[in-house]
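To find a chain, count down the sequence lines: A is the first, B the second, and so on, and within it residues start at 1. Computed from heavy atoms alone, side chains included, the values below leave out hydrogens, waters and symmetry copies.
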Protein chains: 2
Amino acid sequence: MASIKDVALRAGVSVATVSRALSGKGKVSAASREAVARAAKELGYVLSYNASSLASGRSRNIGIVVPTISRWYFANVLQGATQELNERGYDLTLYNTSGEQRHRDAVFQDLLMRQRLDAVITVTLKLTAPELHQLRLVGKPLVALGGLLPEVSTIRVDDFNIASLATEHLVSLGHTKIAFLGGADVFNVDFNLPAARLDGFEYALDQAEIAVNPQWLLDADFTTAGAYQKVRSLLSNPRGRPTALLCASDEMAFGAIMAARDLGLSLPGDFSVIGIDGHELGELYGLTTIAQHPGAQGEAAVARIMELLGEDGHPDPPSPAPDQFFPTEFVLRTSTAPPA
Amino acid sequence: MASIKDVALRAGVSVATVSRALSGKGKVSAASREAVARAAKELGYVLSYNASSLASGRSRNIGIVVPTISRWYFANVLQGATQELNERGYDLTLYNTSGEQRHRDAVFQDLLMRQRLDAVITVTLKLTAPELHQLRLVGKPLVALGGLLPEVSTIRVDDFNIASLATEHLVSLGHTKIAFLGGADVFNVDFNLPAARLDGFEYALDQAEIAVNPQWLLDADFTTAGAYQKVRSLLSNPRGRPTALLCASDEMAFGAIMAARDLGLSLPGDFSVIGIDGHELGELYGLTTIAQHPGAQGEAAVARIMELLGEDGHPDPPSPAPDQFFPTEFVLRTSTAPPA
DNA sequence: CTGAAAGCGCTTACAG
DNA sequence: CTGAAAGCGCTTACAG
């Protein structure tokens, strides 16, 4: 492969001039610039990122750490982040801790440390003190998506408020027998995100002076199948069942709807369901939900990283200021209605 | 951050010895090895991958190019690939062409070319001649997942056979009025994968001497919602409807099942559905399907890459690609039964 | 088994 | 505006 020397030789200038011409930094005469461009093109030259990074200390490479990939929220965050990074000419190095401590250790102790990254985005991961310390050691910008980390730039939705709003919607429809399906701690994702949503739920009920039935506070594993089982049991209790349910994720809400239908209940007449997420399938299910746009969150995380890197050459999408919550959207469909 | 020099100084040896001790290559006395290990640990030393790569020509970094992330198959391929790579101490650089030519060009013309990778995995992408040429220029091992590429090591399932098997299953149950729901070309994924599955379908019907009804050959966009619309129309045709349907993906099969139910049909009594994929949700839907284990495919792609890189990481003389089909699995559940 | 030294391919003060 | 040169932090023949 052609190196910068070959280009310099062919263009009849020094390597320094080639570097300046190609990077656009520093003054270069129009003539030199053109000669370099031509020579580079003729030789099919592409610069070595390793060499460039070593010399300049900048990698144009962002690391992103996720607890899993094959779940709706994370796949969509990645989708948004990759597109935005691609747009800016950055590479993305993907680390998947897979909820396994062994993988997680490997990521934080080895992979992340190797100075190949300009910055790091963590998604829904509660870093331990040693992990945070490690990252600080490396001295790279860090943005946390989906949860609060001490002294770290964070992008997140207002889980408490989302759950409270969803609950208020059910209450305003006239429901008083309302259940909550939260998520158990999975993937080492322990931001108490489920807890914040549960708090919002209880707060809204409290405001409406509706008693919380502890039997109707459930947990599943954030999957459709897991929710199906729980809700099926919930609705089959011979001592009575709720008329409405708030699910902490849309995927769980799908399972809830399937369970209700399989039991012969008609929706929303017999049973109202509201989710949280904004999953594409929600439309088909007629699911009322609160959309949180994970793709846009991924983009926002990248935009914030670029700000931190001082890379403001691009018209940044309106990323919320550091201490604001990422905006969400109430989507009314047909899975919620007044109780029969 | 501590550099190799600092370690050498502290351990009282040369940088060459440090390099050899830490990499495990070359002879080093036990005493030196130990001194180096201790010094490195005390200083919290991690080597610079950029410098290491530049000097050695090896990156311990694999590129993977996907047409999208937020679709079941791709998310699961990535899940498998990241875990396997993590296990081996490799980084993964993720490129998402997003089905947009602009992104695709950026990936192939720029990002991929920058010599930061040891090898490349492409997923369900039919590379153009220039793209293949570019990749060859870089001279890195290449593995194609999900489709056949000329002179490229390939991992793929036998789409023709899968579709044929699924069709035979319906035929063996006694169905003669069988429809097929394929996938339109999306994401620039144009391996004629849908075509291969259609061919298998038609072949099996032909073997059974059952005529293909051209009205029952449908296309959707591989999404549940898209399939729902198509199947709803299919089943509402007043001139008669099929008693069974083969869907080219499980996600589409879910849409088909939802459509049939919404029309008041009972499954599988009135209508049998079989999918292809092995999606987790299939269990909940009782979907009979042919599982293709994308996570395992991702792992297999990584394993093949490692073979191509050779044990010491240097490309071996190209051995003939072991062009076997990736194994799939027939999963019988309750969505298929003899026609009423 | 070990070290001095060349070299990987760039970037960037520095001096002109 | 331009070039010579030092340096980024490693690896790896080469010679002991």
Side-chain angles (χ1 to χ4, degrees), chain A residues 1-37 39-40 43-61 91 110 113-118 138-139, chain B residues 1-37 39-40 43-61 91 110 113-118 138-140 312-314:
Chain A
M1 303 230 27
S3 83
I4 197 173
K5 270 189 187 169
D6 303 314
V7 178
L9 216 62
R10 184 169 195 116
V13 297
S14 72
V15 297
T17 297
V18 172
S19 177
R20 284 189 279 251
L22 258 23
S23 70
K25 297 175 187 172
K27 318 259 103 179
V28 182
S29 71
S32 297
R33 190 179 303 279
E34 208 168 299
V36 167
L43 293 169
Y45 170 75
V46 280
L47 69 68
S48 158
Y49 259 31
N50 283 136
S52 175
S53 300
L54 181 57
S56 72
R58 296 221 21 215
S59 298
R60 294 193 79 78
N61 190 185
D91 275 350
D110 276 18
M113 298 297 110
R114 285 162 179 164
Q115 309 164 57
R116 188 141 59 179
L117 309 170
D118 288 339
V138 191
Chain B
M1 303 231 27
S3 84
I4 196 173
K5 270 189 188 170
D6 304 314
V7 178
L9 215 61
R10 186 173 193 109
V13 298
S14 70
V15 297
T17 297
V18 173
S19 177
R20 284 189 279 252
L22 257 24
S23 69
K25 296 175 185 172
K27 319 258 106 180
V28 182
S29 71
S32 298
R33 189 179 304 279
E34 209 169 298
V36 167
L43 293 170
Y45 170 75
V46 279
L47 69 67
S48 157
Y49 259 30
N50 284 136
S52 175
S53 300
L54 181 57
S56 72
R58 288 207 39 210
S59 299
R60 292 191 81 79
N61 190 185
D91 275 351
D110 277 19
M113 298 296 111
R114 285 160 180 166
Q115 309 164 59
R116 191 142 55 180
L117 309 170
D118 288 339
V138 191
K140 305 293 185 187
D312 57 353
H314 291 295

For this session: Classify every nucleotide of nucleotides 6-12 of chain C by which part a protein heavy atom approaches to under 4.0 Å, writing B for the base, S for the sugar-phosphate alone and - for neither, in 5'-to-3' order.
Result: -BBBBBB

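In this structure, B:V36 and B:V13 have side chains that are in contact, with non-hydrogen atoms separated by less than 4.5 Å. Within the 4.5 Å cutoff, no side-chain heavy atoms of B:N50 are placed close to those of A:Y49.
A gap of 24 Å separates the P atoms of C:dC1 and C:dA5, to the nearest Å. Between D:dT2 and D:dA6, the distance separating the two P atoms is 22 Å to the nearest Å.
Nearest heavy-atom pair across A:L47 and A:S52 is CD1-CB, 3.9 Å. Closest approach of B:V7 and B:A39 over heavy atoms only: O-CB, 3.9 Å. Minimum interatomic distance between B:A8 and B:S14 (heavy atoms only, all atoms of both residues): CB-C, 3.8 Å. Of all the heavy atoms in A:V28 and A:S32, the pair that sits closest is CG1-CB, 3.6 Å.
Remark: DNA chain C forms stems of 3 or more consecutive Watson-Crick or G-U wobble pairs, all pair distances under 3.5 Å, at C:1-3 with D:14-16, C:5-12 with D:5-12, C:14-16 with D:1-3.
With sequence neighbours left out, the side-chain hydrogen bond (donor to acceptor under 3.5 Å, both in side chains) criterion links A:D91 to B:Y95, B:R116.
Judged by distance alone, the side chain of B:D118 and the main-chain N or O of B:S59 form a donor-acceptor pair under 3.5 Å.
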